[in-house]
Amino acid sequence: MQQSNAYIITFSVILTVVLGLLLSGTSQVLGPLQKEAEALDKKKQILGAVISGDEIAAMTPEQINEFYASRIASIVVDINGAPVSEKDGAAVTAENVDIAKNYKMAAEDRLYPVFIFHAEGDDSAIESYIFPVYGAGLWDAISGFLALDTDMNTIGGITLSHVGETPGLGARITEPGVQARYQGKEIFDGSGDLVSVAMQKGEGKDYSSDPHMVDGMSGATITANGVNAMLENYLGAYLPFIESKKSSDAVAAAY
Amino acid sequence: MSAETAEKVLEKKPAEALLSKRRKKLISDPLVDDNPITIQVLGICSALAVTTQMKPTLVMAISVVFVIVMANLTISLLRNTIPTRVRIIVQLAVVATLVTLVNEVLKAFAYDMYKELSVFVGLIITNCIVMGRLEAFALGNKPYDSILDGFGSALGYSWIILAVAFFRELLGSGAIFGIPIYDYVSGLFGDDFQLATNGLMVSPVGAFIILGLIIWVQRTKTGYVEH
């Protein structure tokens with residue numbers, strides 16, 4: 001009986017239904033918690049571009065949410081640097097813009113969120129601008145958040161994350177030590193042209209005198225190239241916004 | 001049907017103690033004498049991949065314990081109804097479901113771990129230890145024994161990967177569970193003294209070396225020889 005085709009098919013169907021129900025049930029129950037965890041993780045990454053990872057690690061989820069609410073403002077701009085408040089009839093908020101989805105669109109159609117790090121409770125005392133970046137590493141997507149100081153030139157910090165880079169090689173972009181190499185680097189050259197910052201091939205050289213180069217990761221040149229392309233790509237897209245802030249800040253600094 | 005004969009032998013015995021000698025052996029055998037990693041050389045892939053640090057290794061170990069024990073229990077409960085011809089697929093479906101559950105729970109409650117481990121947790125599905133125990137034990141034994149067997153194998157796997165991770169994190173990153181041991185030790189010898197970490201230990205090569213050393217030490221002690 002057990003070996004008849006009918007039995008096998010019935011058994012398989014029942015098993016599939018039971019397991020399927022179990023999985024979809026779990027997904028339903030845990031879904032809201034997962035969304036929360038994802039949102040919290042995003043906030044951590046955004047904050048990671050401006051404050052140290054140790055500080056973030058020491059905070060409870062509630063503290064992070066509170067800190068984020070009191071220190072981060074956000075706007076969404078288009079490729080021309082103009083603010084966008086709604087798209088296709090729906091209101092857009094920077095936190096809800098899916099960078100990965102936007103990446104698949106043409107550069108002109110994308111939404112570009114900007115996160116503004118400001119003094120506590122005072123969103124006119126801006127300390128830095130944080131831009132999300134997204135691109136391709138060696139195996140899968142890489143992404144991150146880049147913080148620019150108010151001179152719109154000096155990198156205040158960067159957080160990088162990846163989906164499937166090689167552990168110990170390309171995956172090292174998530175290490176604080178690697179990310180710290182970007183701090184204080186500059187994205188514009190002396191004549192005001194955007195040159196971005198490029199991670200070099202090889203590791204262990206001193207690039208402290210060159211504002212546009214950072215030390216590479218040994219054995220992860222393709223991931224590094226991906227990071228470089230990602231930064232260049234998105235800094236280019238944010239350029240109109242950056243330029244506009246540059247000029248308005250020059251005015252603000254004058255008073 | 002070997003499954004049925006094995007079961008009959010067991011049924012003849014009077015009620016067995018909850019942790020009889022035979023059952024204790026089910027747990028203790030895979031720890032050393034029949035260790036899944038060092039003797040059977042199964043599950044090497046994840047043993048290399050996740051062991052750069054203690055914390056993810058511990059999460060991985062707990063996940064594997066859960067998956068193996070639950071899979072063994074489920075398959076053992078179903079062992080008389082599973083059609084022989086599709087048993088591998090049935091096993092796979094059960095294991096895959098359990099692994100997905102672990103992944104979902106991690107995503108909800110330990111998102112950082114999820115980001116770090118999700119690839120490897122997914123790979124528990126293909127961990128030969130899990131399928132090996134289902135095929136070799138759970139299909140022919142009662143649920144309680146199967147739980148013990150799965151628990152033993154998982155512990156055998158866990159302690160090896162934790163041992164590997166201990167040395168890799170200590171030598172490679174100078175830390176244990178993220179606590180910077182090297183910095184403390186260096187501090188004892190004055191400001192200029194700094195213990196150097198070994199980059200090789202962070203790469204998979206380091207895991208091979210540590211694993212090789214563990215297998216060497218173990219086989220010297222137990223006198224195990226492969227035939």
Separation between CD of A/Glu38 and OH of B/Tyr114, rounded to the nearest 0.5 Å
7.0 Å
Is B/Lys55 atom NZ crowded by more than 12 heavy atoms from other residues, nucleotides or ligands, each under 6.0 Å away?
no
Tell me whether the count of non-hydrogen atoms from other residues, nucleotides or ligands lying under 6.0 Å of OH in B/Tyr144 goes above 12.
yes
Heavy-atom pair of closest approach, residues B/Ala108 and A/Ala37
O-CB, 4.1 Å
Counting neighbours of CZ on B/Phe167 that are heavy atoms of other residues, nucleotides or ligands and sit closer than 6.0 Å, is the number greater than 12?
no
For atom CZ of B/Phe177, decide whether the heavy atoms of other residues, nucleotides or ligands shown that lie under 6.0 angstrom number more than 12.
yes
Side-chain (A/Tyr7) to main-chain (B/Thr81) donor-acceptor, under 3.5 angstrom
yes
With only heavy atoms counted, which part of B/Val90 is less than 4.5 Å from chain A, the side chain, the backbone, both or neither?
both
The test is side chain to side chain contact (heavy atoms under 4.5 Å, CB included); show your working for A/Leu15 and B/Ile82 and say whether it passes.
CA-CA 10 Å; A/Leu15 186 80; B/Ile82 295 175; over 6 Å; no
Any side-chain heavy-atom pair from A/Ile8 and B/Arg85 closer than 4.5 angstrom?
yes
Heavy-atom neighbours of A/Ile222 CD1 exceed 12 at 6.0 Å:
no
Side-chain donor or acceptor of B/Glu104 paired with backbone N/O of A/Thr26 under 3.5 Å
no
Quick one: CG on A/Leu23 to OG1 on B/Thr97, what's the gap to the nearest 0.5 Å?
5.0 Å
Checking an interface table here. Which of residues 204-216 of chain A come within a heavy-atom distance under 4.5 Å of chain B?
none
What do you reckon, is CD of A/Glu175 surrounded by more than 12 foreign heavy atoms closer than 6.0 Å?
yes
If you count every heavy atom of other residues, nucleotides or ligands that lies below 6.0 Å from B/Phe151 atom CZ, does the total exceed 12?
no
Scanning both residues in full, the closest heavy-atom pair of B/Val94 with A/Leu19 reads N-CD1, 4.1 Å
Checking A/Ser27 against chain B: side chain, backbone, both or neither under 4.5 Å from a heavy atom?
both
Segment of B/Phe109 engaging chain A (4.5 angstrom heavy-atom cut-off)
side chain
Check the surroundings of atom CD1 in B/Ile89: do more than 12 heavy atoms from other residues, nucleotides or ligands lie under 6.0 Å from it?
no
Given heavy-atom pairs under 4.5 angstrom as the criterion, report whether the side chain, backbone, both or neither of A/Lys35 touches chain B.
neither
